[in-house]
Amino acid sequence: MTRGTVLLTGGAGYIGSHTAVELLGAGWDVVVVDDFSNSSPVALERVAQVATGPSAGHLRWHRLDIADTAGLTSVLADEAVDAVVHFAGLKAVGESVAQPLRYYTVNVAGSASLLRAMDATGVRRLVFSSSCTVYGDPERVPIDETAARGASNPYGRTKLVVEDMLMDLAAADDGWQLLALRYFNPVGAHASGRLGEDPEGIPNNLMPYIMQVAAGRHPFVRVFGDDYPTPDGTGIRDYIHVVDLALGHVAALESSDDLPGFTAVNLGTGRGSSVLEVIAAASRAVGRDVPYQVVERRPGDVAATWAEPALAEKLLGWRATRTLDEMAADHWRWQSRNPQGYAGEGAGPPTPPA
Ligand code: UD1
């Protein structure tokens, strides 16, 4: 018997596709809406291939922009959706500085469009993709959910505004169950090597860049500063395996009935790793040293952030279990088997599985 039907906006993206696999495996029927502006239908074909098993749910998808409130309303009603996980959005910090209106339109107005469609159809359970970016430059680590919020760029501000919108909605009407999951640094890939992150252009984030160096696409990793007040001088982050993150969404959906109103929960491991530790783990995964050079600090970077993940364990019964070595090994398997990501496969409109 199915657990219910969950709609994933942006379900073809990096975190969305991994979450789709875990939800299907847990027995949920999954309906994806995605405009494929920064993702590929091939990812969904692979989700359907990977998520098999006697109790797996069914996957369906629709090409749709979340700005299309009427289209979303029809999908929510026609598919008899019980809950929504909202991944769709833009996430490049530098781009958000150059094109703020685009970020406010897609991330903020897009979320409002989704919430209006949910309100119109009586779907009141939402899990929202938030980010540790809402903590800005944290006053202390580990960061718990009571820490002050702030943002230093338009991308981060769009996440803050959507969280505020959810809080206002919960205050106005106690029928809503609204969970914001604040992700730390997602890395890794599905263990099958069939699903992973497919960044457009040259990645800004550390792990995908390291893996492209390992694949020979760049000569070396630039380590942005080794004079931070950390043990080896390089920046520390809380890297979390994308499959652990995906399982956090399954746990969130299964707990949200007990969590009325608005709740924000960190999804991190509670462990920080330095840039040099990540390069070392990647080198072990690849089987040879990944070259690097220390360069200037990147403007806007903080020295160290990692999560206090206790609330997720308490409220959702979830904690991350995968190690940095597993993150690197899985990321490398994906990178080495799919050097061009999803490109070159399955061009044209997707064929939904029967
Ligand atoms: C970045 C974004 C953050 C976003 C997150 C999504 C910035 C300033 N912050 O966070 O808003 O939510 O991605 O995952 O863009 N590093 C290198 N060399 C590289 C790349 C990174 O040394 O080529 C270092 C950084 O200085 C940092 C660490 O690696 O210490 C992680 O960087 P990154 O993967 O970009 O993540 P964040 O900076 O945490």
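Order of listing sets the numbers, starting from 1, for every ligand and every atom in it. Note: hydrogens, waters and symmetry copies are ignored here, and every other heavy atom, side chains too, is used. Residue indices begin at 1 and follow the sequence shown.
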For this session: Determine, for R333 against D330, whether the closest basic-nitrogen to carboxylate-oxygen distance falls under 4.0 angstrom.
Result: yes
Exercise. Can you tell me if Y183 has a non-hydrogen atom under 4.0 Å from ligand 1?
Worked result: no
For this session: Establish, from distance only, whether the side-chain atoms of S274 and D232 form a donor-acceptor pair under 3.5 Å.
Result: yes
For this session: Could you say whether the N/O atoms of L206 and ligand 1 ever approach to under 3.5 Å?
Result: yes
Exercise. Which of the atoms in ligand 1, numbered in the order shown and given with their element, are less than 4.0 Å from a heavy-atom of V223?
Worked result: 22 (O)
Seminar exercise, completed: For atom 15 (O) of ligand 1, the closest protein heavy atom turns out to be V93 CG2, 3.6 Å
Seminar exercise, completed: atom 4 (C) of ligand 1 sits nearest the protein heavy atom Y155 CE2, 4.3 Å
For this session: Assess whether atom OH of Y292 is packed by more than 12 heavy atoms of other residues, nucleotides or ligands within 6.0 Å.
Result: no
Problem set entry | Aromatic centroids of H190 and Y14 separated by under 6.0 Å | no
For this session: Considering the heavy atoms of N204, write down every atom of ligand 1 situated less than 4.0 Å from one of them.
Result: 20 (C), 35 (O)
Problem set entry | Protein residue, atom and distance nearest to atom 26 (O) of ligand 1, heavy-atom basis | D301 OD2, 2.6 Å
Exercise. H331 and Y239: aromatic ring centres closer than 6.0 Å?
Worked result: no
For this session: Determine, for R284 against D325, whether the closest basic-nitrogen to carboxylate-oxygen distance falls under 4.0 angstrom.
Result: yes
Seminar exercise, completed: Nearest non-hydrogen protein atom to atom 24 (C) of ligand 1, with distance, is V275 CG2, 3.6 Å
Seminar exercise, completed: protein heavy-atom neighbour closest to atom 14 (O) of ligand 1 works out as N205 ND2, 3.6 Å
Exercise. Using heavy atoms and a threshold below 4.0 Å, how should the contact between Y239 and ligand 1 be classified: side chain, backbone, both, or neither?
Worked result: side chain
Exercise. Are any of the N/O atoms in R222 less than 3.5 Å from those in ligand 1?
Worked result: yes
Problem set entry | Short N or O distance, F224 and ligand 1, threshold 3.5 Å exclusive | yes
Exercise. Identify the closest protein heavy atom to atom 38 (O) of ligand 1: which residue and atom is it, and at what distance?
Worked result: R298 NH2, 2.8 Å
Problem set entry | R319 with D244: basic N within carboxylate O range, under 4.0 Å | no
Problem set entry | Minimum-distance protein heavy atom relative to atom 39 (O) of ligand 1 | R237 NE, 2.6 Å
Exercise. At a non-hydrogen distance cut-off of under 4.0 Å, which region of N185 contacts ligand 1 (side chain, backbone, both, or neither)?
Worked result: side chain
Exercise. Is it true that atom CZ of R149 has more than 12 heavy atoms of other residues, nucleotides or ligands lying nearer than 6.0 Å?
Worked result: yes
Exercise. Using the benzene-type ring in the case of Trp, are the ring centres of W334 and Y342 under 6.0 Å apart?
Worked result: yes
Exercise. Which of the atoms in ligand 1, numbered in the order shown and given with their element, are less than 4.0 Å from a heavy-atom of S131?
Worked result: 12 (O)
For this session: Could you tell me whether a side-chain N or O of T263 sits under 3.5 Å from a main-chain N or O of L259, the two making a donor and an acceptor?
Result: no
